[in-house]
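Notes to accompany the following structure.
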Amino acid sequence: MSNPQTQTESARAVDDAGVQPDAKPLPNKYCDIIMKGGITSGVVYPKAISELAKTYCFQSIGGASAGALAASATAAAERGRKKGLDSFGELDKLPDELGKPLFEAGPSRLFSLFKPATAAQPVFNTAIAFLGADEGKPSRVIAAAFSNFKPAALMGALPGLLLVVLLMLGSKGLLLAWGLVAGILLIALGSGIAVLYALVTRAVRVLNDHHFGLCTGMNEQPAAAEPALTEWLAALFDRLAGIDEAERPLTFSDLWNTDDPKALHEIDLAMITTNLSHGQPYRLPFEQNDYFFDADEMRAFFPEKVVRWMVEHPRRSAHDTDPMRNGKVLCTLPDPADLPVVVATRMSLAFPILLGAIPLYAIDTTRTATRATEEFNRNKEASTPFQRYTAETCWFSDGGIAINLPIHFFDEALPLWPTFAINLRSFHPDHARARIEAENIWMPDTNNSRDDKIGPWTYFDHGVDGFARVTSFLGTILYTARTWSDHRQLQVQGYRDRVVHIFVGKDEGGLNLKMDYDDMHSLSERGREAGKTLAERFGNPQTKHPLSWLNHRWIRYRATMAAFDPLLAVVRSQYKASRMGEPTYAELVARDNNTLPDSYRWQGVEQSKAATDGTELLFELAEEWVEFGSTFEKNAPEPLAVLQSRPRV
């Protein structure tokens with residue numbers, strides 16, 4: 001869970017939630033759900049969610065990238081439903097609305113949400129030409145590049161044009177013919193090189209000037225008729241959640257129904273972002289908030305009311321004065337309860353190059369300047385003002401860079417309700433897209449069924465040759481580094497049976513911003529079938545399917561208890577063992593206050609005795625466990641799970 005509470009306590013938080021008397025009765029079952037990133041593939045989620053909402057109340061919702069967008073919309077809709085609104089009905093209609101053109105023969109509403117910066121428009125237009133069908137792609141891209149960089153094309157063509165003119169004025173016969181051929185080749189080569197140079201230099205300049213992205217998610221022109229992505233998201237979340245106040249955004253405390261991050265939460269929402277400056281993923285909202293922001297900079301990413309709320313709701317700074325960056329005093333990022341949901345969503349949804357990274361700031365305690373400031377403030381005279389720290393930039397980009405399917409979110413060893421996950425996969429080479437959308441999703445049929453439609457294969461070298469095969473190889477290296485942990489987790493029993501896989505074609509979803517209405521409708525209906533399948537298997541107590549909710553609970557018990565066996569065996573054997581005269585762990589536990597080490601000592605005799613006695617009792621029980629032959633590893637679900645210590649993300 002995103003806070004230290006059990007599913008039983010979470011259920012009580014939901015049961016005690018205030019629901020309007022005229023609202024439709026809420027479902028009496030609970031579930032958690034995790035959604036994978038996938039840019040425009042996210043259109044599969046609304047109808048899947050609306051189907052599950054008929055059977056379940058959503059307690060905890062999470063995702064990464066486009067999955068974070070869907071998670072935030074789901075959490076907002078759940079809050080709206082508790083207020084008596086038909087928020088899931090509105091969510092169900094969303095894919096069809098996004099797929100409709102804004103005007104006859106115009107782009108879809110989905111495409112219109114991605115508004116590049118003015119300086120980035122030529123690069124964006126050229127990049128868009130890469131999307132869509134492979135047929136005719138080279139000519140489409142070349143035409144787009146020349147169309148968007150006409151001055152460069154003309155300048156590059158000038159030497160060849162000059163050669164042609166001179167030849168036509170002073171040459172005849174064979175010399176003129178060969179000269180014209182050379183001139184035409186020079187025109188093509190010169191204009192091509194010039195256009196490529198203009199494209200690359202413009203792209204580099206734009207990415208540097210616009211936070212490493214072609215789009216910020218906002219309109220550069222405030223009076224633009226159609227909203228950009230972040231403006232649209234902010235309005236959508238407020239509307240689904242029933243936030244009526246024009247001057248405030250939906251915050252995490254609105255979902256939690258409390259300001260305390262450690263209290264019982266009515267609705268939990270969590271997502272992943274990647275801190276490129278730290279080189280690791282982080283969970284949102286931040287559990288440890290040490291960040292600051294530049295209000296003017298944030299206005300490039302978020303609507304004015306969102307930025308104003310953030311400025312007016314700062315957390316209490318851990319420092320005497322807020323730090324500075326580039327000569328400006330920074331604002332403290334709000335506490336998790338006051339953080340607008342759209343801010344966290346945009347930090348997770350920052351697909352590299354397409355959407356700019358979000359800059360926050362933190363104090364780097366490893367810097368010499370930071371230590372000097374700390375020393376000055378510690379030893380200064382009482383009348384001397386505090387010296388401000390200098391903050392360093394932390395660039396936050398797409399959550400899917402590090403974890404694209406955070407299936408570990410909200411997990412319990414022995415769950416009282418399911419945590420579903422929706423995964424997006426490419427079609428298997430032996431299972432082409434079916435006309436019936438229910439056949440374009442997949443879940444395992446038995447505990448030990450063969451993964452005949454998914455498996456661990458990438459097929460990166462199928463159907464490609466030459467340069468494309470090499471680039472596919474390099475791309476798969478990056479893909480494997482990003483996703484191996486997710487894929488490995490999906491093979492574990494107790495995880496795999498609660499994940500529905502939705503197959504997405506090459507020209508569907510992903511970066512295909514120009515996806516047409518029919519493809520978008522098909523994808524969203526695929527999502528509906530996924531939601532129906534999950535609800536039927538896990539929400540129907542009369543189901544005869546072998547992978548039911550009852551089976552899932554049994555598998556989780558067997559897998560969890562089997563994981564204790566090897567851990568207890570190792571710890572028990574090494575607790576009283578010693579090498580080269582070193583103290584045993586038992587002696588470390590029972591040492592007095594005069595014996596090193598000094599860190600993390602027991603807080604008094606009572607705690608020390610309880611720890612010593614408790615550990616001994618545990619290992620006595622472990623010995624009896626083995627003596628009576630009650631090992632849980634026999635016939636346990638495979639692959640066996642491993643209990644290990646790792647940071648919580």
Side-chain angles (χ1 to χ4, degrees), residues 34-42 63-69 123-124 126-128 130-132 134 137 141 199-200 203-204 207-208 211-215 271-283 347-358 394-408 421 423-429 454-491 501-513 646-647 649:
I34 310 296
M35 288 167 277
K36 187 178 185 178
I39 315 299
T40 61
S41 305
S65 192
L69 187 163
V123 180
F124 181 81
T126 305
I128 288 298
F130 278 94
L131 307 179
D134 289 338
K137 182 179 290 187
V141 172
L199 172 63
V200 172
V204 170
L207 294 176
N208 275 288
H211 306 91
F212 308 108
L214 301 177
C215 309
M271 55 200 84
I272 289 290
T273 185
T274 304
N275 186 333
L276 297 177
S277 302
H278 288 176
Q280 61 181 300
Y282 281 94
R283 189 184 185 119
M347 289 178 67
S348 183
L349 180 67
F351 191 81
I353 307 301
L354 177 60
L355 291 168
I358 303 294
C394 286
W395 291 101
F396 287 90
S397 192
D398 198 86
I401 293 172
I403 302 174
N404 210 25
L405 182 62
I407 195 172
H408 61 283
N423 189 31
L424 305 177
R425 297 286 306 231
S426 299
F427 278 98
H428 190 282
I454 54 168
W457 301 91
T458 61
Y459 306 105
F460 73 87
D461 58 340
H462 282 210
V464 290
D465 202 359
F467 180 74
R469 190 165 184 262
V470 174
T471 57
S472 181
F473 171 74
L474 296 175
T476 305
I477 292 174
L478 179 61
Y479 173 78
T480 303
R482 287 177 50 237
T483 62
W484 73 267
S485 181
D486 296 348
H487 290 174
R488 188 61 176 155
Q489 193 73 55
L490 288 173
Q491 298 172 34
H501 301 264
I502 299 177
F503 297 111
V504 181
K506 186 176 181 181
D507 298 327
E508 298 175 313
L511 272 171
N512 189 8
L513 304 183
R646 57 183 298 181
V649 177

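- Among residues two or more places apart in sequence or in another chain, the side chain to side chain donor-acceptor pair (under 3.5 Å) test is passed with His501 by Asn423.
- Between the side chain of Asn208 and the backbone N or O of Val204, at least one donor-acceptor pair lies under 3.5 Å.
- For Arg469, there are no side chain to side chain donor-acceptor pair (under 3.5 Å) partners, not counting sequence neighbours.
- Residues Phe396 and Ala350 approach most closely at O-CB, 4.3 Å, considering heavy atoms.
- Note that CZ of Phe351 is 8.5 Å distant from CD1 of Ile401, once rounded to the nearest 0.5 Å.
- Distance alone, capped at 3.5 Å, places no donor-acceptor pair between the Asp398 side chain and the Ser65 backbone.
- Every residue meeting the side-chain contact (heavy atoms from CB on, under 4.5 Å) condition with Tyr479, not counting sequence neighbours, appears here in chain and number order: Thr458, Arg482, Thr483, His487.
- The minimum heavy-atom distance linking Ile353 with Leu207 is given by the pair CD1-CD1, 3.9 Å.
- The structure places OG of Ser397 at 5.0 Å from CG of Leu276, a figure rounded to the nearest 0.5 Å.
- Separation of atoms CZ (Phe460) and OG1 (Thr471) is listed at 11.0 Å; rounding is to 0.5 Å.
- The two atoms that bring Gly37 and Leu424 nearest to each other are O-CD1, 3.9 Å, heavy atoms only.
- The minimum heavy-atom distance linking Ile403 with Pro281 is given by the pair CD1-CG, 4.0 Å.
- A distance of 11.5 Å separates CG of Asp465 from OG of Ser472, quoted to the nearest 0.5 Å.
- Here CD1 of Ile272 is found 11.5 Å from OH of Tyr282. Values are rounded to the nearest 0.5 Å.
- With contacts defined as side-chain heavy-atom distances shorter than 4.5 Å, the pair Trp395/Thr274 does not qualify.
- No more than 12 heavy atoms of other residues, nucleotides or ligands shown are found within 6.0 angstrom of CZ on Phe473.
- Between the CG atom in Asp486 and the NE2 atom in His408 there is a gap of 9.0 Å [rounded to 0.5 Å].
- The two atoms that bring Thr40 and Gly510 nearest to each other are OG1-O, 2.8 Å, heavy atoms only.
- Between Ile358 and Thr273 there is no side-chain heavy-atom pair separated by less than 4.5 Å.
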List the steps, then state whether side chain to side chain contact (heavy atoms under 4.5 Å, CB included) holds for Leu405 with Leu490. CA-CA 10 Å; Leu405 182 62; Leu490 288 173; 4.0 Å; yes

Step-by-step side chain to side chain contact (heavy atoms under 4.5 Å, CB included) determination, Trp457 to His428: CA-CA 9 Å; Trp457 301 91; His428 190 282; 5.9 Å; no

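- When every heavy atom of Gly63 is checked against every heavy atom of Ser348, the shortest pair comes out as O-OG, 4.4 Å.
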